[in-house]
Structure formats: C-alpha cells, structure tokens
**Student:** 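Got a structure here, written out as structure tokens. Questions coming.
What you see below is based on every heavy atom in this structure, not just the backbone, and it leaves out hydrogens, waters and symmetry mates. Just so it is clear: chains get the letters A, B, ... in the order the sequence lines come, proteins before strands, and each one is counted from 1.
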Amino acid sequence: MKWLSSNWDLVWQLVFAHVALSVPPIVIGFVIAIPLGWVANRYRVSRGIILLVLGLLYTIPSIPLFIFMPLFLGTPLLSPVNVTVALTIYAVALMVRSAADGLRSVDPDILQAASAMGYSGWQRFWRVELPLAGPVLLAGLRVVSASTVSLATIGSVVGVSSLGYLFINGFQRNIPGEVITGIVATLVIAVVFDLLLVLVGRLLLPWSRRDSRVRARDVARSRTAVLTGAG
Amino acid sequence: MIEFRSVTKQFPDGTVAVEGFDLVIPPRKTTVLVGSSGCGKTTLLRMINRMIDPTSGSILIDGEDTASLAPVKLRRRIGYVMQNSGLLPHRKVIDNVATVPVLNGVPKKKARAHALELLDTVGLDRSLAGKYPRQLSGGQQQRVGVARGLAADPNILLMDEPFGAVDPIVRAELQQETIRLQAGLGKTVVFVTHDIDEAFLLGHQVVILQKGGHIAQVGTPAEILARPADDFVASFVGADKGKRKLRIERVDGTDVVVDENGTPTGVLQP
C-alpha cells in the first residue's frame, strides 16, 4: 500500500497506457474477424482452412511475435505499433471462431423468411444475420477483451509501456507492493471492460435477454387470452 | 392470376421436384396445393416469388413473366407466411409487421401506425405490439406472421403450411380467420398443406399433387369429392376409407349423419 501511495502518478499513467494499448486490438480484431468469420461460415473448405491457420497463429508465443513484428512491418523496434498489431492478430485468431459460430447459430428458417420478405443479401446480413449472431459475438468479444488486456502486459518486456512494467520492475527490485498493484490494476481493467461489454450487449441486444419468469408469465397470460377469445 | 407453364425444377443434387407443371391460379380466390411430403408443393410455392427459380418453363403473374422481374422487388409485393411464423426474433411485433413497408421506403412512423391497424385485422391485441416474438404463443406468432404478410397490401399471399405447428384448437381458429380475411380483402391466396381437410376447408380450388409435382386432380372440393379422378385421389381424400361416404340414420326423430363405419359425424338440419 505504501508503494502505491507514493507512486500513484506512475500507476495512473500506466493504466492509461495499458487501456490505450488494449482497445485498438479489441476493436480492430472484431472488425476484421466478422468478414473472415463470414467466409469461414460460408464454405466448409474455407472454414477448415481459416480456423486452422488462425488456430496456429494463436499458438505463436507472444514475445517472439512482438520481437519479429518490426521485421514484417518495418517499424522501429520499440514502437507500440508492434504490440498493437501482434495483439490484433491474437484477437482475430480468437474472434473468428466466435464470428463463424455466431453466424452459424442463426436459424436458417429465419434467414429464408427474411429473403422471402424481400431483404436483399446485403440488407439481410446487416439487419438480420449480424444482429442475430450478436449474443455469440458478444461472448467471443468478452474472451478477446480479457485475453488482450492480459497479453498487453507482455508489451513491457519489449519496452512498450503497459501495466506489465510494474510486474517486471517490482520483480527485479523485489517490491511485492508494485507487483501486486500491477496484477490488481490489470484485473480491474479487464473487469471494467467486461462490464462495459455486457452493458453494450444489454443496450444493443435487448431481445436476447433470458428472463424466464417474464416469459412464463407472458405465456400463461397469452394462453388465458386465447381461451377467453381475446388473443 | 398466376400461371405455371410447363414448369420443371431439378435441384443441383439431381432430384426432380417438379416436372412439366401447368396450372392457372385464379385471382381473388384461395388455391390450395395439397400432397404428401416430397410432392413438390413447397417448391411450387417458392417459385412464385422466385425464392427458387425453375429449371425450365415459366411462371406468369398477371401475364408478366416473373423471370423478367427482379427477385427482391417481386418478393416485396407478394405476401409470404411460413410455418413457425419465421418472425425476426430481434424485432418487436410491430416492427416485424412493418418489415416490408419499411424495406419499401415507407417512413417508419407511418409503417408502424399501419402495423397497429393490421394487428386489429388479424385479431391481435395492440398491447402485444411492443413484445418480442418469443414472448408470444405459437398461435399469436402465426397471426403476426399473417399481419406481416399483409403489410405491404400485396395482391398475392403465399402461405406455406402456416398452421402446421399450432395445436388443433388454435389451428381451427386460424383457419376460420384466414377464410374471413381472404373473403374480406379479396387476396389471391396460394396455400400449401398436407392436410386434405384443411385444403377442402380453405380452398376454392384444390390441387392434389403426387410425387414430382404431378397433378392428380384439380377442382373445387365438391368436384373432387363427387368424382375422384383415380384411386390415388380417392385414397388421399379418404373416400376409400369410408369417412367421406355419409348416410342418414333416423334417431329419435332426428336425422343423424353417419359415415360408412356407422360413426356419427353430425346432425342434419331440417
């Protein structure tokens, strides 16, 4: 606690750096994963290939990936872009499977009905398929968010500012308070992100909320309505 | 008027669902396509709004070949009601009903106001407008499906076994409602079912189909009952099982109608 109170500014600074490092990969990863997931879901061959390649990508250890990034990107060795891109790769690798599963979870009868109503292919994707895949996409995004926030700490190993600095520095200098602060702060960020995602889900996907009590009541009421001829 | 002219549909896997099908569907009447599963009745229905395109032959709506029309536009002017309602689970009842008008560019507010009126038309309480489909009973969902099919005021309403999944009581109610709506609105209804009783109840014209979309008989229910074209038709409508051969027995001064097995089915009104 003593360490924290005397290093408050540093911790805040690192929290902001950590958030700034984590958000772009989550957002960009999500955006890239949707079309890839669509392609994966569309054809059986592409599903196999895409999921295999991304599965392999996810198995690459993070430190080598961070270090090799400048070779691919031509960026300076200490540029945060290296970490951002690497984290985005992990995010995509995780998210594409959720995207493919989410799109696959949409009832084909509903898609057929949407086409029969006169949705064009494009409209059907944006207004029916994607929203209906929402709950599975959200579940996947929550995993991606937690994974990215945790992986971002490793950026400190290659000199990119994040809460990981507190682990490394605290471990080297043997300051347990610093290490614990790093861990707790990372956890707090992960939990806050998760809560935000759940909140966004509540707002965007109000139809998917399972409230069995309300449902049971509505069913009971509608039965009565039918029996009394009002329904 | 809808016209099928020697329509054949072969699916990519080689199945011939429909072969050389000819039929004229009169306007402002209900035509029922009835047959067992695999007779091609749903394929025929879906070819009308180009959900499926025929391999050969043509389908004309009021003399216009549908092949020359853009599928998406065509579908927006033909109502479609399917089994299990096919409602969009993420849209409230009112927005489900307003779907097609909104796709057609009608302002949302206007489309919703009209959707409320349609809930009245199909006998649903307006208080359901703000609910999601899963909060409704099967019968209510089916009514919403019908309201949605009517929303763009189409001349043609296609109904693909719409009442197959609801219980018999609700089903009977929905059938009566369909008869009332059709008579009131004067739509051309094309209805698909495997239930001959439903076909006779709803159809001005009944088309009995055999495998491959071959027509076993076309006619009014009375014509088909009076003169089944062949043994298949007789068996399909149940004439051979005796349930269509009724006679009158006098019981305590009342004329009771019984079938061939002696099972009473009704009372003759004087």
**Student:** Given side chains that start at C-beta, do those of A:Y119 and B:V72 come closer than 4.5 Å, heavy atoms only?
**Tutor:** no

**Student:** Take atom CD in B:Q10; do more than 12 heavy atoms of anything else shown fall under 6.0 Å from it?
**Tutor:** yes

**Student:** Tell me if the CG atom of B:D195 is crowded by more than 12 foreign heavy atoms within 6.0 Å.
**Tutor:** yes

**Student:** Just checking heavy atoms, which of residues 131-142 of chain A are less than 4.5 Å from chain B?
**Tutor:** A:P131, A:L132

**Student:** I need the A:R124 CZ to B:L103 CG distance, nearest 0.5 Å.
**Tutor:** 13.0 Å

**Student:** Can you tell me how far CD1 of A:I110 sits from OG of B:S85, rounded to the nearest 0.5 angstrom?
**Tutor:** 7.5 Å

**Student:** Tell me, side chain or backbone of B:R91 under 4.5 Å from chain A's heavy atoms, or both, or neither?
**Tutor:** side chain

**Student:** Please classify the contact between B:L87 and chain A as side chain, backbone, both or neither, with a heavy-atom cut-off of under 4.5 Å.
**Tutor:** backbone

**Student:** Considering only heavy atoms from C-beta outward, does the side chain of A:S208 approach that of B:H90 to under 4.5 Å?
**Tutor:** no

**Student:** Return yes when atom CZ of B:F11 has more than 12 non-hydrogen atoms of other residues, nucleotides or ligands closer than 6.0 Å, and no otherwise.
**Tutor:** yes

**Student:** Please look at A:Q112 and chain B and tell me whether the side chain, the backbone, both or neither of the residue comes under 4.5 angstrom of a heavy atom of that chain.
**Tutor:** both

**Student:** Ignoring hydrogens, what is the shortest heavy-atom contact between A:S115 and B:M51? Give both atom names and the distance.
**Tutor:** C-SD, 4.0 Å

**Student:** Counting only heavy atoms closer than 4.5 Å, note whether B:R148 contacts chain A via side chain, backbone, both or neither.
**Tutor:** side chain

**Student:** Tell me if the CZ atom of B:R28 is crowded by more than 12 foreign heavy atoms within 6.0 Å.
**Tutor:** no

**Student:** Please determine, among B:R46, B:K92, B:K73, the option with the most heavy-atom pairs under 4.5 Å with chain A.
**Tutor:** B:R46

**Student:** About how many Å separate CG of B:L88 and CE of A:M117, when rounded to the nearest 0.5 Å?
**Tutor:** 8.0 Å

**Student:** Where do B:G86 and A:A113 come nearest, in terms of heavy atoms and distance?
**Tutor:** O-CB, 3.4 Å

**Student:** Using modelled atom types and a 3.5 Å cut-off, is there a donor and acceptor pairing between side-chain atoms of B:R75 and backbone atoms of A:S120?
**Tutor:** no

**Student:** With a 4.5 Å cut-off on side-chain heavy atoms, are A:P206 and B:Y132 touching?
**Tutor:** yes

**Student:** Counting only heavy atoms closer than 4.5 Å, note whether B:Y80 contacts chain A via side chain, backbone, both or neither.
**Tutor:** both

**Student:** Got more than 12 heavy atoms from elsewhere within 6.0 Å of CZ, A:R202?
**Tutor:** no

